[in-house]
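Report on the following structure.
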Amino acid sequence: MSDQQTQSYHAEAYKSLVKNLKEVDLRSSSVPCDLELTGEKAFPVLMNSEGHVLMAASLYGRGRIVVLGHEQYLTLCPALVENALIWLGGGKSENLSVGVHKKLKAVADNLSKSNFQVSLVEGFSENLGVNVFVSDAYEVGASAGDLVAFMKAGGGVLIGGQAWNWTAQNPNENLILQFPGNKVSGVAGIYFSAQYAKGENLPISPEIPNSWKSLHSTMTFKRDLEFLLKGISEFDIQGDAVPSEALIHGPLAFPICTTNDGQAFLAGTYYGRGRVILVTHESFIASEKMASFWNNSFHWLDQNRKGVIGFCPEIEILPNLGLQCETTTIRQDLSVYVCTVWNEEDPEKIQNFVAEGGGLLIGGHAWWWEYQHPGQNPLQDFSGNKILNKMGLSVLKETVSAGVYKAPDPSQINHSHFLHLLYRFAAHVYEGRELTKQDEELLIKLGTECADFLSMKAYDSFSYTQILSILTDILKLHMPQVNEQNPVRSAQDRMLLMLATEVFNVSLSKDTLLPFLIKKIPPVVNNMKIKINAQTAENEEWISTGLYLPPGMKTWMTIPPKLVNRKWMIQIGCQSDTLNEEELLRAPVVIKSFLVTSERMQVWNLWGGLIYLVAPPDVKVEEEEVEVEVAMSAPFYKTGVTKSDAWYYIREAPAPWAEFEFENIILTVPSHVIRELEFPLEVENLWNDIMKGVADLAAKPQKFIQKERIVADVQISAGWLHSGYPIMMHSSEAEMLFDLNKARTEGLWGELHELGHNQQRSCWEFPPHTTEATCNLWSVYVSEQVLGVSRAKAHEALTPESRRCSINQYVQGGRRLSDWTVWTALETYLQLQERFDWNPFKKVFAAYHKMSNFPTDNTGKMNLYAETFSQTVGMDLTGFFKAWGWPIEAATEEKLSGLPPWFDHPMVQYL
């Protein structure tokens, strides 16, 4: 079944189970228990006001099961039972053979007038010859294996009971595995719990009942942790191995150990009648430092059967387990199976092995897989998660730092569980429960985990659609509207902004949800065709379309066949910064990408954005046509394409973002910035000259392989500007990019500084000393050589007085290299420039383009630079560099000893 077919199947099954019922009165002296639901097939049928599930249904194999939270309900609700039997029998009432346990004669009596063929039986046996078997939850234990096989082959099972009384009478027994009813219903993801529930007069809702309160689970894993952690005080995961983080999202899953920040790298879960342990790096399984834990774990997984432990060929058999071990593929007769998350066996085969009682130890990380599979979804596509997701665990691309981490106290609630965090937050939203300081600190973690969980897109799992529904309802009630005039400051609203993007992306009802998230949707135009040209080198490149997709709107794009499955992407949005600020002026993430996997693709972005094609490295395409069915025209100026007389109309295009693509740079700004711009050709000439200046100093070809980009946004991730692709700047300063007068009188220091960062190369960079220094060579060069603004005017730190002060402070401080940073470091290069002009710099950069096998340490790199510059100018500069505190080696001085020394360098006066 597809996701939506399975979701529809749940809905149809629910309608059948409550057919012709308006309410179900469960008020009686009976005290039911809450039913705990896991897995993908189980769903609630009746739920009380506290979110407790009093009736549930599920599938297993080809069969079906219905469970009631008290055995009395089997007689209290005859109409409900009759519906259940019809559904269990495949939807037909005629000739339906029903076997009823003799203890439930009242049930058989209620069915005497039905069309069913009802018989009272001593108990279940494989030769019973019925379609459906009815029993209470206490009599099925002895025949659990036969009942599971019956259900797996297509039979129906109806069970009623509660487990709180059994738990009180059997305090030392494992409720999940040993309660008789759970031995049958557990394989289908329905468990009787020890939690008291309340019978109420329940109205029948038109859809499967759902409540945020049902997120709260009273299941405890204290005894499991006590067993697993016996003799364990800490987990040492120091070393070269880099584990992934685990997401713990099932109600029967639990963290075993986490970092101090709550990142889990070791976790356990129950699945059906079996147990699972996940460790997020496979090398830990063979770690001597964890040998005691593994000894505990194998006995926990084995459930005292003393059976055979099967190790997949990729994992060596562990010694001294006291159990029979062998290398093998998975077999049903094994007690425990050990494998990696890259296991290529059928996930369903492994899941069934565990559901029917087997133990599973699985290890491995996902971050390397994610790196090797760009554009793919690790929660959906990664083999380990295909096995684990249904069990309530997942392996994430996020990594965990090496360290020694204290084993948890089994009696303490672990706040690393996704459902625990979500329940706490939902209680705050719906009932106003106060969030503790710890809760607020965990909200960002919750937002990230929500994003990971939602990315499963497991629409065939009711637990997934339940949480998606809860999150959707929270957003409908509390979606913050954020902009520059309405900043978001609270931890809750920051998390909701992050959540809105993720929920919208996976929602199956985007059109219904959108008005709650975005209040104004602008008009659009239809069927636009764009010609795409691209030639990339080692980096990807955004290709502008000049089109904008409004917030939340979906559009279809038709892509040329030669771009399909070739690592091309469609990107909606230009603001690539992810924000992690206390105050937000926009959502934390407002960009969305789609891997091009077919010729016709539907795309969207909750926050809207300019539409781009993203070309992968090392490709060349010419005049390929892309069609966009619905979008909005943006003010878009492109060198050699846009006619001057058309600009007057183009600048009025309604999109909120404008883009200017010149020869070597693309400027992206809010449209209001350029609405009055009359002469874009003058701006084009300015930026073409600037970029030629950047290329001149860098000794690069005049035509950049990858055009630089500057994007002006209302809020960015760091500083007032920062480098990268694109360079990001604050939109409040965007007008400067188009102000020719200011550019030629005051300069564009910040923009040139970031363009300089993008020219820096590690081979002649000496971090951290020159990180914020050598980039300013481009600020100075372009300011003076292109814009005609002197260095002293371009930046106040370069006035003669400021420069002298910088030198004096450095000299008086003992010429320590640790102080040689920013303006002090830049001064070294400026002294070279003022003596030798700019040409040696260009020649030095050109020389580095041809070099290879560079030193990796600062000392080696500084000596190479001193040697290269000296040879370029034909003068021994080692004395000058030593005067600045550079660690010049004797070997370098020896190499340059044949050149005339620079005796009168500017630092002589300070010696």
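- M557 pairs with exactly one of V596, L549, T545, V628 by the side chain to side chain contact (heavy atoms under 4.5 Å, CB included) rule, that one being V628.
- Contacts of N664 classified as side-chain hydrogen bond (donor to acceptor under 3.5 Å, both in side chains), with partners at least two apart in sequence or in another chain: none.
- W687 and D689 form no side-chain donor-acceptor contact under 3.5 Å, judged by distance and modelled atom types alone.
- Ring geometry, W823 versus W749: the interplanar angle falls from 30° to 60°, so the pair is classed tilted.
- Looking at V694 and F704, their side chains come closer than 4.5 Å, going by heavy atoms from C-beta outward.
- In this structure a side-chain-to-backbone donor-acceptor pair under 3.5 Å is present from T745 to N741.
- Relative ring orientation between F869 and Y865 is described as tilted, the plane-to-plane angle lying within the 30° to 60° band.
- Within the 4.5 Å cutoff, the side chain of I807 has no heavy atoms near those of the R804 side chain.
- The side-chain hydrogen bond (donor to acceptor under 3.5 Å, both in side chains) check on R761 picks up H849, with sequence neighbours excluded.
- Listed for the N863 side chain is no donor-acceptor partner under 3.5 Å among the backbone atoms of T892.
- Listed by first and then second residue, the salt bridge (charged side-chain N to carboxylate O under 4.0 Å, His left out) pairs that reach into residues 768-796 are E784-R791, R791-E834, sequence neighbours excluded.
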Is there a side-chain contact (heavy atoms from CB on, under 4.5 Å) between L613 and I530 once you walk through the steps? CA-CA 11 Å; L613 270 293; I530 306 101; over 6 Å; no
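- Under a 3.5 Å cut-off, the side chain of T536 and the backbone N or O of D618 do form a donor-acceptor pair.
- Without hydrogens or angle criteria, Q706 side chain to E540 main chain gives a donor-acceptor distance under 3.5 Å.
- Residues passing the ring pair (Phe, Tyr, Trp, His ring centres under 6.0 Å) test with W778 are F845, sequence neighbours excluded.
- Salt bridge E582/R494: present, at least one basic N to carboxylate O contact under 4.0 Å.
- Applying the salt bridge (charged side-chain N to carboxylate O under 4.0 Å, His left out) test to pairs two or more places apart or on separate chains, none has a residue in residues 643-656.
- Nearest heavy-atom pair across A825 and Y829 is O-CD1, 3.2 Å.
- L677 is listed as a side-chain neighbour of F660, based on a closest heavy-atom distance under 4.5 Å.
- Partners of Q571 by side-chain contact (heavy atoms from CB on, under 4.5 Å), not counting sequence neighbours, listed by chain and number: W542, I591, S593, Y612, V614.
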Identify every side-chain donor-acceptor pair in residues 714-723 under 3.5 Å, counting partners at least two apart or on other chains, and give the distances.
from	atom 1	to	atom 2	distance (Å)
Q715	OE1	L585	N	2.6
Q715	NE2	E583	O	2.7
S717	OG	D577	OD2	3.1
S717	OG	H722	NE2	3.4
H722	NE2	D577	OD1	3.0
H722	NE2	D577	OD2	2.7

Checking side-chain contact (heavy atoms from CB on, under 4.5 Å) for the pair R675/S671: CA distance, chi angles, key distance, verdict? CA-CA 6 Å; R675 293 296 189 199; S671 294; 3.5 Å; yes
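- Pairs of residues two or more places apart, or lying in two chains, that qualify as salt bridge (charged side-chain N to carboxylate O under 4.0 Å, His left out) and include a residue from residues 585-612 are R586-D713, R600-E629.
- For the side-chain hydrogen bond (donor to acceptor under 3.5 Å, both in side chains) condition, the pairs that include at least one residue of residues 558-569, sequence neighbours left out, are K562-E624.
- Side-chain contact annotation: Q575 with W607, donor-acceptor N/O pair under 3.5 Å absent.
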Hey, mind stepping through L787 and I690 against side-chain contact (heavy atoms from CB on, under 4.5 Å) and telling me if it holds? CA-CA 8 Å; L787 301 178; I690 288 173; 4.2 Å; yes
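- Rounded to the nearest 0.5 angstrom, N839 CG and L697 CG are separated by 10.5 Å.
- Under the 3.5 Å distance criterion, with hydrogens and angles disregarded, a donor-acceptor pair is assigned to the side chains of N483 and N486.
- Between E663 and the options K692, M691, Q702, a side chain to side chain contact (heavy atoms under 4.5 Å, CB included) holds for only K692.
- Within 6.0 Å of CD1 on I705 lie no more than 12 heavy atoms contributed by other residues, nucleotides or ligands.
- Looking only at atom types and distance, the side chain of T868 has no donor-acceptor partner in the side chain of W764 under 3.5 Å away.
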Evaluate side-chain contact (heavy atoms from CB on, under 4.5 Å) for L514 paired with L606, printing each intermediate quantity in order. CA-CA 8 Å; L514 184 59; L606 172 60; 4.0 Å; yes
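- Taking the six-membered ring for Trp and thresholds of 30 and 60 degrees, H753 and H757 have ring planes more than 60 degrees apart, a perpendicular arrangement.
- Looking at S544 and E659, their side chains do bring a donor and an acceptor atom within 3.5 Å of each other.
- Note that K638 lies outside the cation-pi zone of F636, set by a 6.0 Å cut-off to the ring centre and a 45° limit from the axis.
- At a threshold of 4.5 Å between non-hydrogen side-chain atoms, the residues V641 and E661 do not count as touching.
- Sorted by first then second residue, the salt bridge (charged side-chain N to carboxylate O under 4.0 Å, His left out) pairs that include residues 716-727, not counting sequence neighbours, number zero.
- Here the side chains of P726 and T668 are not in contact, with every heavy-atom distance at 4.5 Å or above.
- With sequence neighbours excluded, the residues that form a side-chain contact (heavy atoms from CB on, under 4.5 Å) with V482 are V488, L497.
- Side-chain atoms of I570 and I559, non-hydrogen and from C-beta on, do get closer than 4.5 Å to each other.
- The shortest distance between side-chain heavy atoms of W884 and Q831 falls below 4.5 Å.
- With S731 contributing its side chain and A734 its backbone, the two residues share no donor-acceptor pair below 3.5 Å.
- Shown here for I674 and P635, the closest heavy-atom pair between the two residues is CD1-CB, 3.8 Å.
- Using modelled atom types, no side-chain atom of H905 and backbone atom of L877 make a donor-acceptor pair closer than 3.5 Å.
- A side-chain donor-acceptor contact under 3.5 Å links T639 and E684.
- Taking the side chain as every heavy atom from C-beta outward, E867 and S870 never approach each other to under 4.5 Å.
- Using modelled atom types, one finds no donor on one side chain facing an acceptor on the other under 3.5 Å when comparing W647 with T642.
- A side-chain donor from one of T770 and E765 sits under 3.5 Å from a side-chain acceptor of the other.
- A donor-acceptor pair is defined here as one N or O able to donate and one able to accept, closer than 3.5 Å; no such pair exists between the side chain of T872 and the backbone of P840.
- Residues passing the side-chain contact (heavy atoms from CB on, under 4.5 Å) test with H672, sequence neighbours excluded: P670.
- The aromatic rings of W886 and W820 stand perpendicular to each other, their planes meeting at an angle above 60°, with 30° marking the opposite boundary.
- Judged purely by atom type and a 3.5 angstrom limit, N758 uses its side chain to pair as donor or acceptor with the backbone of G724.
- Side chain of E370 to backbone of G375: no donor-acceptor contact under 3.5 angstrom is found.
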